[in-house]
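Since the structure comes first, as structure tokens, the remarks are kept for the end.
Each chain gets a letter, A, B and so on, in the order the sequences are listed, and its residues count up from 1.
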Amino acid sequence: MADKPSIPKGTRDFTPLEMTRRNHIFDTIRKIFKTYGYLPIETPAMEHLSSLMGKYGDEGDKLLFKILNSGDFKNKLSDDELATIPAGKLGTMISEKGLRYDLTVPFARYVVQHRNEIVFPFKRYQIQPVWRADRPQRGRYREFYQCDVDVIGSDSLLNEFELIRIMDQVFSVLGLKVVIKMNNRKVLTGIVEMIGEPDRMIDVTVAIDKLEKVGLEKVMLELEQKGLKRDSIKRLAPVLQMEGSSLKKMKFLEGYLEGSHIGEEGLSEISQLFGLMENDPAEAEFELDLTLARGLNYYTGSIFEVKSAEVQIGSICGGGRYDDLTGIFGLDGVSGVGVSFGADRIYDVLLQLDRFPRKDEMDTQLLFVNFGQREALHIFPILGQLRKNGIASELYPDVAKMKKQMSYANARKIPFVALVGEQEIEDGVITLKEMETGNQERLTPDQLVDRLS
RNA sequence: GUGGAUGUAGCUCAGUUUGGUUAGAGCGCUGGAUUGUGGUUCCAGAGGUCGCCGGUUCAAGCCCGGUCUUCCACCCCA
């Protein structure tokens, strides 16, 4: 016997039940995206490596899946040439394509490439898989779907507001309690300016991000080890120790960031957004979280992250504003903002909480028992009538024992079974059995359609 | 990428400590009791080269090494 077949690490097969549930998530999200006026696009699974590299930081580059060039690479080079290839250079010589890491960067590429046909501001949504060479765990896969919504070509904060509304609506419709966290990169920039370490943005945000996990002392120690001046750390301390409501935090920052132009600008954006939210409150908890930094280094303004309030699984949605992502592809001065829903994690959360709707899980509504050729011929027109009326129905393909056919209906969770034998044909009726109750009734084809519509 | 666990029937798991003849259970599956009635019950049956490769041994599911998978922490994030 050959070895059992398998699939690569971090990838998954989806069963019919799983697909039904996944589609429930995709359908819900897609429907909401549409009602806000977003348009669908798709981009290829692979991009030029040059489009992907350097957009996600050093860590991100390592997590890119690279595609080996086709053809015999070695053949084109002499042994001498081969031997003189510098270490680490080989990769770029034998691979020029990679699998997409997210949908935002390919979108930026798309916008630049199609700039002449796009009507700005361009609102698009995109639901496709992405790939990351991460080490898999629960809620962390090497192939997973993202559902992105972005607006590009508009600086207005109303876009941020709209995205918050979308996030709130998606999770409310899916029946999940979530916390929507927001922050602003400009405020973080303001903070590092105020403490006199304008170049240490990354170190400081990473440290702030760890605050909840490791505590104040360890964070300060780490900053010291990273070479931050003692004086700077001292000035950062009040930010780290800040507690209380979003409103209180904003009050504090008002004083703290005084004099930092960019910091004040970020704070003003935050308070405007909170103002809009106050006028039209979200169902979800909505809060300012200064420890929210987000790694993807193209964000420049608002940043968002959504976490489940009921299941611990990391963020299930995230995003932010990027002022110059298209600049890398040669189109300057176009600002965008967007968020990405992690369908696979949302699936895990819904599964754990058992919140998938039951009604989606049955497809076929009616099964005709197969008594034989003559009866089957009689049934086909009735099947046609049912299907034209949108009632999913099927005839058991084999003339099997009744017990077997009933068991099939049972296993498939088909709610109704129709019996059409000699007697029924003669009387022009169908015996309809409701599986749950066991009740049976005799109906004409028209009555049957009415009954199941 | 770093550290730590895990893998026995379709599924959930015993058995591994002290290596020793045919590897177990429950659920599921197949058939029958019930040849136009499923879910309950009863009876019978099928199904495993103990993740894979190698080593130690007279003998390995059990000990050792490697490898893959899944999971946990870090990292990062969806």
Side-chain angles (χ1 to χ4, degrees), chain A residues 1-12 15 25 29 56-64 100-104 127-148 167 178 202 205-206 209-210 213-214 292-297 299 303-308 312-320 338-349 367-372 375 396 399-425 430-440:
Chain A
M1 268 281 277
D3 284 346
K4 264 189 197 168
S6 62
I7 53 175
K9 185 198 288 207
T11 65
R12 296 153 298 155
T15 63
I25 297 171
I29 290 175
Y56 309 105
D58 292 344
E59 287 299 315
D61 281 356
K62 280 187 214 153
L63 297 180
L64 285 172
R100 69 166 101 81
Y101 177 93
D102 70 358
L103 300 178
T104 307
I127 299 176
Q128 290 191 274
V130 302
W131 294 270
R132 295 182 191 178
D134 222 331
R135 192 185 274 208
Q137 276 179 38
R138 172 187 294 284
R140 180 156 142 183
Y141 309 101
R142 287 185 150 188
E143 178 184 60
F144 61 96
Y145 272 74
Q146 291 196 328
C147 314
D148 274 38
M167 291 190 269
V178 297
I202 292 170
T205 53
V206 167
D209 190 40
K210 279 189 186 165
K213 276 184 194 164
V214 301
L292 179 61
R294 295 197 61 80
L296 297 179
N297 54 11
Y299 291 125
I303 43 185
F304 304 103
E305 193 165 290
V306 180
K307 288 197 160 181
S308 165
Q312 211 179 354
I313 196 163
S315 61
I316 53 181
C317 177
V339 294
S340 175
F341 292 80
D344 301 80
R345 283 188 181 171
I346 294 172
Y347 178 95
D348 289 342
V349 172
L367 175 78
F368 281 86
V369 171
N370 192 336
F371 286 112
E375 289 85 348
Y396 194 86
V399 186
K401 278 182 194 153
M402 191 122 174
K403 180 189 168 101
K404 184 161 181 155
Q405 301 195 42
M406 294 298 286
S407 300
Y408 171 79
N410 212 43
R412 284 274 314 271
K413 295 185 176 124
I414 298 172
F416 294 98
V417 168
L419 305 171
V420 183
E422 246 174 81
Q423 193 59 51
E424 282 89 352
I425 292 175
I430 293 117
T431 298
L432 181 73
K433 174 175 175 131
E434 188 177 358
M435 292 297 276
E436 202 180 329
T437 59
N439 293 341
Q440 291 187 198

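- A side-chain donor-acceptor contact under 3.5 Å links A:E424 to the backbone of A:G421.
- Between A:R132 atom CZ and B:rG1 atom P the separation is 17 Å, expressed in whole Å.
- No contact: A:Q405 has no heavy atom under 4.0 Å from any strand.
- Between B:rC52 and B:rU41, the distance separating the two P atoms is 35 Å to the nearest Å.
- Annotation: B:rC53 and B:rA44 have their C1' atoms spaced 40 Å apart (nearest Å).
- With sequence neighbours excluded, the residues satisfying salt bridge (charged side-chain N to carboxylate O under 4.0 Å, His left out) with A:K62 are A:E59.
- Applying the salt bridge (charged side-chain N to carboxylate O under 4.0 Å, His left out) criterion to A:D344, with sequence neighbours excluded, gives A:R12, A:R22.
- Across all strands, A:G60 comes closer than 4.0 Å to no nucleic acid atom at all (heavy-atom distances).
- Nucleic acid contact class of A:E143 (heavy atoms, under 4.0 Å, all strands): none.
- Side chain of A:K401, nearest nucleotide from B:rA78, B:rG31, B:rG38: B:rG31.
- Rounded to whole Å, atom P of B:rC76 lies 11 Å from atom NZ of A:K62.
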Letter per nucleotide, 5' to 3', of nucleotides 69-75 of chain B [B base touched, S only sugar-phosphate touched, - untouched; heavy atoms, 4.0 Å]
SSSBBBB
Taking only Watson-Crick and G-U wobble pairs with both distances under 3.5 Å, what dot-bracket line describes RNA chain B, where [ ] shows pairs that cross earlier ones and | shows pairs with another strand?
(((((.(..((((......[...)))).(((((.......))))).....(((((..]....)))))).)))))....
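- Judged by centroid separation below 5.5 Å and plane tilt below 30°, A:F371 does not stack onto the base of B:rG36.
- Distance from the side chain of A:M406 is smallest to B:rU37 among B:rA78, B:rU37, B:rC76.
- Rounded to the nearest Å, the gap between the P atom of B:rU70 and that of B:rC75 is 22 Å.
- Listed by chain and residue number, A:F356 satisfy the ring pair (Phe, Tyr, Trp, His ring centres under 6.0 Å) test with A:Y347 (two or more places apart in sequence, or in another chain).
- Taking atom NZ of residue A:K403 and atom P of nucleotide B:rU37, one finds them 11 Å apart after rounding to whole Å.
- Protein atom NZ of A:K404 is 10 Å distant from nucleotide atom C1' of B:rG31, rounded to whole Å.
- Comparing B:rG38, B:rG36, B:rA78 by their nearest atom to the side chain of A:Q423 picks out B:rG36.
- Contacts of A:E424 with the nucleic acid, taken as non-hydrogen atoms under 4.0 Å apart, include base atoms.
- Comparing the P positions of B:rU16 and B:rC11 gives an interatomic distance of 23 Å, to the nearest angstrom.
- Comparing the C1' positions of B:rG65 and B:rA73 gives a spacing of 26 Å, expressed to the nearest Å.
- Rounded to whole Å, atom C1' of B:rU37 lies 17 Å from atom CD1 of A:I430.
- No side-chain donor-acceptor contact under 3.5 Å links A:T431 and A:Q440.
- Nucleotides B:rG47 and B:rG26, compared at atom C1', are 15 Å apart to the nearest Å.
- Applying the ring pair (Phe, Tyr, Trp, His ring centres under 6.0 Å) rule to A:Y396 yields the partners A:Y408; only residues at least two apart in sequence or on another chain are considered.
- Shortest non-hydrogen contact noted between A:R345 and A:S315 is NH1-O, 2.9 Å.
- Taking atom CZ on A:F368 and atom C1' on B:rU37, their separation rounds to 16 Å, with Å as the unit.
- With C1' as the reference atom, B:rG10 and B:rA5 are 25 Å apart, rounded to whole Å.
- Across the protein-nucleic acid pair, A:Q146 atom CD and B:rC76 atom P stand 18 Å apart, rounded to whole Å.
- What separates CG of A:N410 from C1' of B:rC29 is a distance of 15 Å, to the nearest Å.
- Counting non-hydrogen atoms under 4.0 angstrom, A:I316 reaches the backbone sugars and phosphates but no base.
- Residues meeting the ring pair (Phe, Tyr, Trp, His ring centres under 6.0 Å) test with A:F368, sequence neighbours left out: none.
- In terms of the salt bridge (charged side-chain N to carboxylate O under 4.0 Å, His left out) criterion, residue partners of A:R140 (sequence neighbours excluded) are, by chain and number, A:D134.
- Take the nearest nucleotide of RNA chain B for A:I313 and for A:A133: the residue whose nucleotide is more 5' is A:A133.
- Nucleotides B:rC13 and B:rC68 are separated by 25 Å at their P atoms, to the nearest Å.
- Taking every heavy atom of both residues into account, A:L367 and A:A409 meet most closely at CD2-CB, 3.8 Å.
- For the ring pair (Phe, Tyr, Trp, His ring centres under 6.0 Å) test, no residue two or more places apart in sequence or in another chain qualifies with A:F144.
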